Amino acid sequence: MCRSSFFLFDRDAPESEVPKSKNRERPIPTHYTWGYEFEWYYPESLVRAQWAKVDATQLFGPSKGASAFYPALHDAGGPESPSKTKAAQDIVNKSGELSTDEQILLWTKGPAGEDLRALIDEIGRIIATATGRG
């Protein structure tokens, strides 16, 4: 395995719980998503564009990220069983359509933005250390 490995995991637990260790005692830097799953990082405007019938105020309300994304999406008016792969591909493809202000908010707003910034900083430190620049 590469000496500069880095594991990024879904939390798969409520924010109030410590996620289960998935790297089994390996001394590899690990980061868990702030929310239950990666999907909670989707920009709200792209979720609205992807699923027009979703009540985004309900989906991205105060408990955002506390549970699994797709059941919460369904409860907010979205489909019951969307293709996770297709949804992710569509959202990534549409991300280039975000305005500069939306992109800035994505990387800075709320728990997802704060976590993304911390994650990028953490990866930067690992790269700097691995290349002798840290």
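Note that this is a predicted model, so its numbers are computed, not measured.
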Practice prompt. Can you measure from CZ (F6) to CD1 (I127) and round to the nearest 0.5 angstrom?
Written response: 9.5 Å
Worksheet entry | Connected via hydrophobic side-chain network under 4.5 Å: L46 and V92 | no
Worksheet item: Can I104 be reached from L116 by stepping across I, L, V, M, F, W or Y side chains whose heavy atoms are under 4.5 Å apart?
Response: no
Discussion item. Measuring from atom CD1 of I120 to atom NE2 of H31, what distance do you get when rounded to the nearest 0.5 angstrom?
Written reply: 10.0 Å
Worksheet, complete the sentence: On a heavy-atom basis, the closest approach of W51 and P79 is CD1-CD, 3.4 Å
Worksheet item: Between D10 and F38, is there a donor-acceptor pair closer than 3.5 Å when you use the side chain of the first and the backbone of the second?
Response: yes
Worksheet entry | Check: N93 side chain, Q89 main-chain N or O, donor-acceptor pair, under 3.5 Å | yes
Fill in: Sub-6.0 Å ring centroid separation between F69 and Y42
yes
Practice prompt. Using distance alone, with no hydrogens and no angle criterion, decide if S99 and D101 have a side-chain donor and acceptor under 3.5 Å apart.
Written response: no
Discussion item. Give me the atom names and distance for the closest heavy-atom approach of E44 to A56.
Written reply: OE2-CB, 3.8 Å
Fill in: Spacing of E80 atom CD and L73 atom CG [to the nearest 0.5 Å]
11.0 Å
Worksheet entry | side-chain contact (heavy atoms from CB on, under 4.5 Å) between L8 and Y32, intermediate numbers included | CA-CA 6 Å; L8 178 61; Y32 291 92; over 6 Å; no
Worksheet item: Any donor-acceptor pair under 3.5 Å linking the side chain of Q103 with the backbone of L98?
Response: yes
Discussion item. As an exercise, state the distance from CG of L59 to NE2 of H74, rounded to the nearest 0.5 Å.
Written reply: 12.5 Å
Discussion item. Minimum heavy-atom separation for S67 and Y36, please, with both atom names.
Written reply: O-CB, 3.1 Å
Worksheet item: Hey, is K86 close enough to D90 for a salt bridge, meaning N to O under 4.0 Å?
Response: yes
Worksheet item: Heavy-atom count around K94 NZ within 6.0 Å, excluding the residue itself: above 12?
Response: yes
Discussion item. If we ignore hydrogens and angles and just use 3.5 Å, is the side chain of T33 paired with the main-chain N or O of R11 as donor and acceptor?
Written reply: yes
Item to complete: Might you point out which heavy atoms bring P82 and Y70 nearest each other, and give the distance in Å?
Response: CG-CD2, 3.4 Å
Discussion item. Rounded at 0.5 Å granularity, tell me how far OG1 in T30 sits from CZ in F7.
Written reply: 6.5 Å
Response to the item:
Only one of P43, S45, S95 passes side-chain contact (heavy atoms from CB on, under 4.5 Å) with E102, and that residue is S45
Item to complete: Measure across G77 and V54 and return the closest heavy-atom pair with its distance rounded to 0.1 Å.
Response: C-CG2, 4.2 Å
